> 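The following block contains the structure, expressed as structure tokens.
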Amino acid sequence: MAGRVPSLLVLLLVFPSSCLAFRSPLSVFKRFKETTRPFSNECLGTTRPVIPIDSSDFALDIRMPGVIPKQSDTYFCMSMRLPVDEEAFVIDFKPRASMDTVHHMLLFGCNMPSSTGSYWFCDEGTCTDKANILYAWARNAPPTRLPKGVGFRVGGETGSKYFVLQVHYGAISAFRDNHKDCSGVSLHLTRLPQPLIAGMYLMMSVDTVIPAGEKVVNSDISCHYKNYPMHVFAYRVHTHHLGKVVSGYRVRNGQWTLIGRQSPQLPQAFYPVEHPVDVSFGDLLAARCVFTGEGRTEATHIGGTSSDEMCNLYIMYYMEAKHAVSFMTCTQNVAPDTFRTIPPEANIPIPVKSDMVMMHEHHKETEYKDKIPLLQQPKREEEEVLDQGDFYSLLSKLLGEREDVVHVHKYNPTEKAESESDLVAEIANVVQKKDLGRSDAREGAEHERGNAILVRDRIHKFHRLVSTLRPPESRVSSLQQPLPGEGTWEPEHTGDFHMEEARDWPGVYLLPGQVSGVALDPMNNLVIFHRGDHVWDGNSFDSKFVYQQIGLGPIEEDTILVIDPNNAAVLQSSGKNLFYLPHGLSIDKDGNYWVTDVALHQVFKLDPNNKEGPILILGRSMQPGSDQNHFCQPTDVAVDPGTGAIYVSDGYCNSRIVQFSPSGEFITQWGEESSGSSPLPGQFTVPHSLALVPHLGQLCVADRENGRIQCFKTDTKEFVREIKHSSFGRNVFAISYIPGLLFAVNGKPHFGDQEPVQGFVMNFSSGEIIDIFKPVHKHFDMPHDIVASEDGTVYIGDAHTNTVWKFTLTEKVEHRSVKKAGIEVQEIKDSEHKLETSSGRVLGRFRGKGSGGLNLGNFFASRKGYSRKGFDRLSTEGSDQEKEEDDGSESEEEYSAPLPAPAPSSS
């Protein structure tokens, strides 16, 4: 073994970019030796790989030259030489691929590709020298985006001379029509020196051994950082089939700061760090990969074949140009004792749905099965309740899907929670115990019973900790009372409400472009409006609100996606080459889409079944204005289902609501810019979202920068009331109405403010906040739009995390009428919906029908080597009574508060 490690180390350092760099003796060395690059007629644009932009900038179109994969899970590579000899900088990437065809793409930079042919099978390798990953794109994963002023240095004396594109084609069924594929990536390069240079820091294990059958094996890597400061903005994890979770940290003065934590079974693209991390001279960089050897019949080593493993963490960073280093590595563990204090989350696997599992480059499952026989165990009937494998997965569920538990432990827990701060570590220790519950003949039943009691006590302590995490928030309502009704009545909701994220919904992984709008069509399908590869930033508009990036052209991908509300499948897509900066989306009773574009300053009515283009356009293209024929960055549209009247909120640079007839004729407008710190009724600062209350004849407006909701009569435009709460903070971004309930999302807190980003459920009649909610998967950053269906399902789209969440409403409630305008309506009771709270919700996902609680006795009885003693009917009912609500605060790491700005933020 002593001789094996140095030689393997040299091999890995030469080819750190991918497991594909290893040459397997079983590989079939196939090359395509065409000296010219024939392009298919279907590959529009690829005949001009170099496209001048201006005197200093140019675009490089790197595409597959019209290939047709002949089998599933084919990996093709192609190369392109940098067209300039002098130094240049890659400052942006645009993927040119459809997730219907391509599973993932990687772009490498190197000095000599493995082949000079038009394209080749990637089994042969990518580069003959060191290859640096510059870009990764994977279906259902976020795109790589460089911060402003950051670029990858290429060319010149030290930069890469070639780009090598690797494309993984998934199911061969996508090529039944024998079309030629030209997927790839377009690069925006500039000759202008960039102040900040991007680079890659690779943390990699070279000597990990995973014993056969071992439940948990940790692979730790650590190095002291001895260079100029680097600023981390993205990361990528990589293992093969046995990897469960990879976590990376900066350790400074004994404090662990998370860089990134991800399941290597998810799409292996670069993921943005949740919070920027700076690394300075003397800091320790530490990473842990957690593996399992279960199912293997022999030890597994680090290597490049499907029967081997890898433990890699890629850290993408930037440095000041004068000190920049493009590539650094860490292949040792210089501080093994430090890992005694690693955050317990690093030991907890991240649950992964089967349809999200990533194929690991050329490690095909068929090849894997041929080389390593699996230990197949018959499935037991009891597993229908939990179907997650073993106690390790149970605890993963308890913590991995309850990020608030981990975050409270990790980020400044409350004093009350600190008294239980060792619990997460204890649960992690239970996870790491390989002999938990195993009954050895020599140890007897006493040992078995002791382990059972240990786990039971820890589960109860887990319940107690959960109950301390979210003390009830005092909800203060400061709103004007509604005016008396006029013979109409509104169903009033009382009792307990709670919104829960639908944690099994895969739509959270869709990750399109910036999500600006969400709506529901008449079939109750979710419709998403997103910005593709366009972003709204400080360079998008000049001081007169004229769009400055027309040269980019319209968004070339479909910007409107129709999503199945159950499985998040894309049912239909449209909106290609129409929009520049999408914003608002609403759908009328006939299913027509109404959208706004803040760059075009226009409103569009679209028939989803008509491919001929918009059927109505309001406003003048690229012309901001404030008269009857112009808008200035309009934000949203609402269409009255009874009269067909069109209401437009206008917008970022106007402060008005404009009404049009069903045919688009101007009717009237109302509203004015806010004056002073106490805006009057009818004054707006960015009217951002609209919600109609048809049966009451009201239109409600999210007055974004004034942090309030204003409601008006649709016939007289008379102000009805204001809904404003301290927990809104300074912003209300979006609202949605269903009978009896008003939903809203606020914005990121300003510097020094305490109110977190969250969603709200309000009783529409009283304006009282009934519930406050946040997601478990990821975190809100800029929740930009919200839509609710009448069954209580809520969708929220975030323009910064490019994510859509699904929430469901559970309630135990009496719906009763209220007396309005002298009309008394008979009370109607409905108590069929039951609210599960606290750990009852956490554990409820494991319950069988009618079980009433988690039976750990049945669970352990179904597992070989475990005992049910001490666990029968380990009740969860007691902790079910502990109410879980938001405490209204967030840790400093969770949300980085923006500095005060004189003007409202874009998006």
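Keep in mind that this is a model prediction, so the values were computed, not measured.
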> Tell me if the aromatic rings of F76 and F121 count as close, with their centers under 6.0 Å from one another.
yes
> Mark yes or no for whether T341, through its side chain, and F339, through its backbone, hold a donor-acceptor pair below 3.5 Å.
no
> Minimum heavy-atom separation for Y225 to S280, with atom names?
CD2-O, 3.5 Å
> Within a strict 4.5 Å, meaning less than it, do heavy atoms of the V102 and H168 side chains meet?
no
> Between I342 and R288, does the side-chain contact (heavy atoms from CB on, under 4.5 Å) criterion hold? Intermediate values first, please.
CA-CA 9 Å; I342 190 171; R288 167 170 286 182; 3.7 Å; yes
> With no hydrogens and no angle check, is any side-chain donor or acceptor of K161 less than 3.5 Å from a backbone partner on G159?
yes
> Work out which heavy atom in M328 is nearest to a heavy atom in M319; give both atom names and the distance.
CE-SD, 4.4 Å
> T803 and K778: side-chain donor and acceptor closer than 3.5 Å?
yes
> Judged by atom type as modelled, is there a donor-acceptor pair below 3.5 Å linking the side chain of K94 to the main-chain atoms of H534?
no
> Hey, is the main chain of L192 close enough, under 3.5 Å, to the side chain of T190 for a donor-acceptor pair?
yes
> Apply ring pair (Phe, Tyr, Trp, His ring centres under 6.0 Å) to the pair Y547 and W536, showing each step before the final yes or no.
CA-CA 10 Å; Y547 186 59; W536 187 348; 9.3 Å; no
> For residues H188 and D57, report the shortest heavy-atom separation together with the two atoms involved.
NE2-OD2, 2.9 Å
> Enter the distance from Y162:OH to N111:CG here, rounded to the nearest 0.5 Å.
9.5 Å
> Mind listing the closest non-hydrogen atom pair of V164 and S79 along with its distance?
CG2-CB, 4.1 Å
> Are any non-hydrogen side-chain atoms of V232 and M316 less than 4.5 angstrom apart?
no
> One thing to verify: whether R531 and D597 come together as a salt bridge, which I'm taking to mean a side-chain N less than 4.0 angstrom from a carboxylate O.
no
> Let me confirm one number: the CG-CE distance from D278 to M230, rounded to the nearest 0.5 Å.
9.5 Å
> For the side chain of D542 and the backbone of V546, is there at least one donor-acceptor N/O pair under 3.5 Å apart?
yes
> Is it true that a side-chain atom of S114 and a backbone atom of T126 form a donor plus acceptor pair closer than 3.5 Å?
yes
> Can you tell me how far apart CE (M203) and CG (N333) are? Round to the nearest 0.5 Å.
8.5 Å
> So which heavy atom on A346 is nearest to which on V245, and how close?
O-CG1, 3.6 Å
> Supply the atom-to-atom distance M200 CE to L134 CG, rounded to the nearest 0.5 angstrom.
7.0 Å
> Looking at Q262 and F270, would you say the former's side chain and the latter's main chain have a donor-acceptor pair under 3.5 Å?
no
> Decide yes or no for V598 and F541: does some side-chain heavy atom of the first lie under 4.5 Å from some side-chain heavy atom of the second?
yes
> Decide yes or no for I259 and I315: does some side-chain heavy atom of the first lie under 4.5 Å from some side-chain heavy atom of the second?
yes
> Could you check whether R63 pairs with D61 (Lys NZ or Arg NE/NH1/NH2 to Asp/Glu carboxylate O, under 4.0 Å)?
yes
> Pairing donors with acceptors under 3.5 angstrom, does anything connect the side chains of N312 and Y314?
yes
> Describe, in one word, how the ring planes of F93 and Y135 are oriented to each other, choosing from parallel (under 30°), tilted (30 to 60°) and perpendicular (over 60°).
parallel
> Start with the C-alpha distance between E345 and R261, add both sets of side-chain angles, then the distance that settles side-chain contact (heavy atoms from CB on, under 4.5 Å), and finish with yes or no.
CA-CA 9 Å; E345 64 178 342; R261 173 176 175 264; 3.9 Å; yes
> Measuring from atom CG of L285 to atom OG of S222, what distance do you get when rounded to the nearest 0.5 angstrom?
9.0 Å
> Do E86 and R191 sit within salt-bridge range, that is, some charged N less than 4.0 Å from a carboxylate O?
yes
> Distance only, no hydrogens: is a donor on one side chain within 3.5 Å (strictly under) of an acceptor on the other, for H104 and Y169?
no
> Shortest non-hydrogen contact from Y317 to S326?
OH-C, 3.6 Å
> Between D798 and M782 (side chain of the first, backbone of the second, donor and acceptor by atom type, cut-off under 3.5 Å), is there such a pair?
yes
> What do you reckon, is CG of D85 surrounded by more than 12 foreign heavy atoms closer than 6.0 Å?
no
> Side-chain contact test, heavy atoms from C-beta onward, threshold under 4.5 Å: evaluate it for Y271 versus Y235 and give yes or no.
yes
> Show your reasoning for whether side-chain contact (heavy atoms from CB on, under 4.5 Å) applies to D533 and E556.
CA-CA 9 Å; D533 56 2; E556 296 179 0; 5.9 Å; no
> Just wondering, do Q549 and L581 contact through their side chains at under 4.5 Å, heavy atoms?
no
> What distance do H238 atom NE2 and I133 atom CD1 have between them, rounded to the nearest 0.5 Å?
8.5 Å
> Would you mind writing out the side-chain donor-acceptor pairs for residues 148-155 within the sub-3.5 Å range, not counting sequence neighbours?
| from | atom 1 | to | atom 2 | distance (Å) |
| --- | --- | --- | --- | --- |
| K148 | NZ | N539 | OD1 | 3.1 |
| R153 | NE | E87 | OE2 | 3.1 |

> Taking the side chain as every heavy atom from C-beta outward, state whether L146 and D92 have any pair of such atoms under 4.5 Å apart.
no
> Using the ring of each side chain (for Trp, its six-membered ring), is H231 parallel, tilted or perpendicular to Y318, with breaks at 30° and 60°?
parallel
> Apply side-chain contact (heavy atoms from CB on, under 4.5 Å) to residues T208 and E309 and explain how you reach the verdict.
CA-CA 9 Å; T208 297; E309 265 302 334; over 6 Å; no
> Please check if any side-chain donor atom of R96 sits under 3.5 Å from a side-chain acceptor atom of S186, or the reverse.
yes
> Does F579 reach the side chain of S516, with side-chain heavy atoms less than 4.5 Å apart?
no
> Is a side-chain N or O of H530 found less than 3.5 angstrom from the main chain of D558, in a donor-acceptor match?
yes
> Are Y652 and H583 an aromatic pair by the rule of ring centers under 6.0 Å?
yes
